[in-house]
Amino acid sequence: MIRTIAMLTFWGLAAPAAALIGFTWTLLTGDVRVLYRLFMWGAWAGVWITGVRVEIEGLDKLNRAQSYIFMSNHVSNLDPPIQIPLIPRRTSVMVKKELFKVPILGRAMRMGSLVPVDRGNRDAGIEAVRAAKAVVAQGLNMTIYVEGHRSFDGKLLPFKKGPFYLAMECGVPVVPVTITGTHYAMPKACFAIKPGKVKVIFHPPIQPQDFGSRECLTEKVRAVIDSGLQEQYRQGESTTKNTKVHEGSATAHVFPS
């Protein structure tokens with residue numbers, strides 16, 4: 001619990017300073033990159049304070065000049081602040097719309113081209129996919145937690161269809177990402193953080209045009225993400241119901257089924 005409080009305290013103190021510097025620079029220059037980097041540094045440093053250490057695999061094999069759609073599993077609230085700062089260049093994510101009302105954070109997310117989602121509204125989910133397509137068209141990366149919400153047991157949940165519609169329409173390479181260890185460090189429905197080792201695997205890019213259908217692409221991405229999980233979490237779908245997002249989730253990535 002102390003580690004979690006330390007992380008949140010750091011974020012609470014660092015966010016205003018980052019906002020003051022980043023917002024001022026962005027308003028003067030129109031360049032959001034300084035603001036983005038400050039928030040990414042803050043996210044990463046906050047996790048480091050908790051004693052969580054990260055091993056990275058495969059990131060060096062990506063083309064930093066290329067835009068990608070990163071598709072990842074999701075088991076913990078620690079996943080976004082660990083994974084997103086690792087991604088080369090700027091990336092957008094889908095975030096529940098309520099967070100856009102938070103002072104400083106909401107303004108920063110709008111300036112960073114993050115996509116708001118109403119997780120209880122199917123039509124809004126479809127609109128979010130359209131907004132994500134526009135973000136990718138700008139040359140930004142897109143990071144998506146393809147299960148829609150966090151798994152309780154560490155196994156993969158059923159994947160949402162929306163991310164794969166997006167990939168097929170955009171035609172940019174998909175990078176499957178496997179995150180392991182955060183399920184131990186901070187499992188779903190747990191507030192306390194335990195120090196430990198987390199591994200983030202960036203698998204080789206997949207070209208959507210190499211697949212004849214969205215279903216085939218989905219199966220391939222699922223198999224690749226699953227291959228990076230620890231053995232006890234591989235194979236088969238989790239029994240966690242795909243009907244509710246835990247209220248304490250920092251992010252919610254919702255797509256139409």
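Numbers for residues simply follow the sequence, beginning at 1.
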- Message: Are the side chains of Ser113 and Val32 in contact, using a 4.5 Å heavy-atom criterion?
- Response: no
- With a 4.5 Å heavy-atom cut-off, do Leu86 and Ile56 have their side chains touching? yes
- So, do Leu28 and Phe23 sit near enough that their side-chain heavy atoms are less than 4.5 Å apart? no
- Would a 4.5 Å heavy-atom cut-off, applied to side chains only, mark Glu169 and Phe164 as touching? no
- Could you list all the salt bridge (Lys or Arg N to Asp or Glu O under 4.0 Å) pairs where at least one residue sits in residues 25-52, not counting sequence neighbours? Asp31-Arg33
- Measure from NZ or CZ of Lys188 to the centre of the six-membered ring of Phe152 and say whether it is under 6.0 Å with the direction within 45° of the ring axis. yes
- Message: Under 4.5 Å between side-chain heavy atoms, counting indirect links through other Ile/Leu/Val/Met/Phe/Trp/Tyr residues: same cluster for Leu8 and Val47 or not?
- Response: yes
- Message: Are there over 12 heavy-atom neighbours, none belonging to Lys197, within less than 6.0 Å of that residue's NZ?
- Response: no
- Task: State whether the side chain of Asn141 and the backbone N or O of Ile69 hold a donor-acceptor pair below 3.5 Å, judged by distance alone.
- Result: no
- Item | Salt-bridge contact Glu147-Lys160 (side-chain N to carboxylate O under 4.0 Å) | no
- Task: Consider only side-chain heavy atoms of I, L, V, M, F, W and Y, link residues closer than 4.5 Å, and tell whether Phe191 and Phe10 are in one cluster.
- Result: yes
Mind listing the side-chain donor-acceptor pairs of residues 174-187 below 3.5 Å, one per line with the distance, residues two or more places apart or on another chain?
from	atom 1	to	atom 2	distance (Å)
Thr178	OG1	His203	NE2	2.8
Thr178	OG1	Ile225	O	2.8
Thr182	OG1	Asp79	OD1	2.6

- CD1/Ile2: more than 12 non-hydrogen atoms of other groups inside 6.0 Å: no
- Query: Got more than 12 heavy atoms from elsewhere within 6.0 Å of CH2, Trp44?
  - Reply: yes
